Amino acid sequence: MDIEKVNSMDFGEFVDVFGNVIERCPLIAAAVWSQRPFSNLEDLEKHFFAFIDALPQSGQEGILRCHPDLAGRELQRGTLTAESQREQRGAGLTSLNADERLQLAELNAQYRARFGFPFVLAARLSDRAAVPRELARRLHCPPAQELRTALGEVKKIGHLRLADLLGAEQTL
Ligand SMILES: NC(=O)N[C@H]1NC(=O)NC1=O
């Protein structure tokens, strides 16, 4: 899909196509549509990220809370979004054994209890061994730093999803 096609989309089509660039936050795509025309993928992405950066902390935490746990209940139940399902499968999180699942569930619960939002990581840039390692490391970070790190991961996920949609080379 090229940028002219993106710029020609009406509101409904744009939100249908880009509504999950930020997981379960179609409101962001709805707001970004008003900023068209976009000059290229980077420009489009800039508007998604600027919206996130402009939110108060409560809104930024709200975005994080829209993310499903990695290897969590939604993965077991098959209720993930298509994008999240693909990302978690790609990282090998669909083929964990019972012990690995339990270990991640415990770390996810500890993380959520400490920070008040779920652990977010761009699964496509990670793998089943690195996820629990990174979770255990970030569990000990100061809350303000951790919020920044988590939002950085949201942006990495969004960048990869946008690049998929526009068929661009994926560089980070
Ligand atoms: N919790 C969490 O990081 N979830 C996200 N990560 C990712 O790559 N896809 C997701 O849904």
Side-chain angles (χ1 to χ4, degrees), residues 15-30 32 41 44-45 48-49 51-53 55 57-97 100-172:
V15 175
D16 275 352
V17 172
F18 295 105
N20 212 46
V21 164
I22 306 301
E23 178 76 10
R24 289 179 175 151
C25 293
L27 166 70
I28 302 183
V32 167
L41 170 63
L44 175 60
E45 174 176 287
F48 275 87
F49 295 174
F51 186 95
I52 295 172
D53 291 338
L55 287 172
Q57 184 172 332
S58 58
Q60 295 177 337
E61 291 180 354
I63 288 176
L64 297 173
R65 291 188 185 111
C66 288
H67 286 71
D69 276 351
L70 292 173
R73 205 172 301 145
E74 290 200 64
L75 179 67
Q76 311 308 320
R77 289 185 181 155
T79 56
L80 291 171
T81 61
E83 293 87 349
S84 181
Q85 169 76 27
R86 185 153 28 91
E87 290 154 0
Q88 299 206 35
R89 187 174 351 99
L93 298 176
T94 48
S95 43
L96 299 182
N97 64 36
E100 290 170 318
R101 263 206 307 277
L102 186 65
Q103 182 204 17
L104 260 187
E106 283 172 359
L107 285 168
N108 273 325
Q110 284 176 41
Y111 182 98
R112 193 186 291 267
R114 171 156 157 77
F115 297 110
F117 48 77
F119 173 71
V120 174
L121 176 78
R124 278 162 78 177
L125 303 175
S126 192
D127 60 48
R128 59 191 284 177
V131 169
R133 228 179 19 241
E134 186 61 5
L135 216 176
R137 185 188 71 76
R138 282 172 46 189
L139 199 45
H140 301 290
C141 290
Q145 177 187 327
E146 188 48 30
L147 177 64
R148 280 195 302 277
T149 302
L151 291 171
E153 294 296 317
V154 169
K155 291 178 184 176
K156 288 181 195 169
I157 295 167
H159 171 82
L160 292 169
R161 289 181 181 184
L162 269 176
D164 278 349
L165 286 164
L166 276 94
E169 284 286 314
Q170 293 177 4
T171 50
L172 269 176

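For reference, positions follow the sequence shown, starting with 1. No hydrogens, no waters, no symmetry mates; every other heavy atom, side chains included, goes into these values. In listed order, ligands and their atoms are each counted from 1. Just so it is clear, the model here is predicted, and its values are computed rather than measured.
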Exercise. Can you find a heavy atom in the side chain of R128 that is under 4.5 Å from one in the side chain of S95?
Worked result: yes

Problem set entry | Smallest separation among heavy atoms of P68 and Q88, with atom names | CG-NE2, 4.2 Å

Problem set entry | Aromatic plane relationship, F48 with F18 - under 30° parallel, 30 to 60° tilted, over 60° perpendicular | tilted

Exercise. Is a side-chain donor or acceptor of R86 paired with a backbone partner of R124 at a separation under 3.5 angstrom?
Worked result: no

Exercise. With under 30° as parallel and over 60° as perpendicular, where do the rings of Y111 and F115 fit, or are they tilted in between?
Worked result: tilted

Seminar exercise, completed: Within 4.0 Å of some non-hydrogen atom of V120, the atoms of ligand 1 are 1 (N), 2 (C), 3 (O)

Exercise. How far is atom 8 (O) of ligand 1 from its nearest protein heavy atom, and which residue and atom name does that atom have?
Worked result: A123 N, 2.8 Å

Exercise. For E87 and ligand 1, does the shortest N/O to N/O distance drop below 3.5 Å?
Worked result: yes

Exercise. Relative to the heavy atoms of L70, which atoms of ligand 1 are at a distance of less than 4.0 Å?
Worked result: 1 (N), 2 (C), 3 (O), 4 (N), 6 (N)

Problem set entry | Enumerated ligand 1 atoms positioned under 4.0 Å from heavy atoms of F119 | 1 (N), 2 (C), 3 (O)

Seminar exercise, completed: When distances are taken from atom 6 (N) of ligand 1, the protein heavy atom at minimum range is L121 O, 2.8 Å

For this session: Please work out whether any backbone atom (N, CA, C, O) or any side-chain heavy atom from C-beta onward of A122 is under 4.0 Å from ligand 1, and answer side chain, backbone, both or neither.
Result: backbone

For this session: Check I157 against ligand 1 and report side chain, backbone, both or neither, counting heavy atoms closer than 4.0 Å.
Result: side chain

Exercise. Where do A150 and V120 come nearest, in terms of heavy atoms and distance?
Worked result: O-CG1, 4.3 Å

Problem set entry | atom 11 (O) of ligand 1 [closest protein heavy-atom partner, distance rounded to 0.1 Å] | S84 OG, 2.7 Å

Problem set entry | H67 side chain reached by V154 side chain, heavy atoms, under 4.5 Å | yes

Exercise. Looking at ligand 1, does P68 have a heavy atom less than 4.0 Å from it?
Worked result: yes

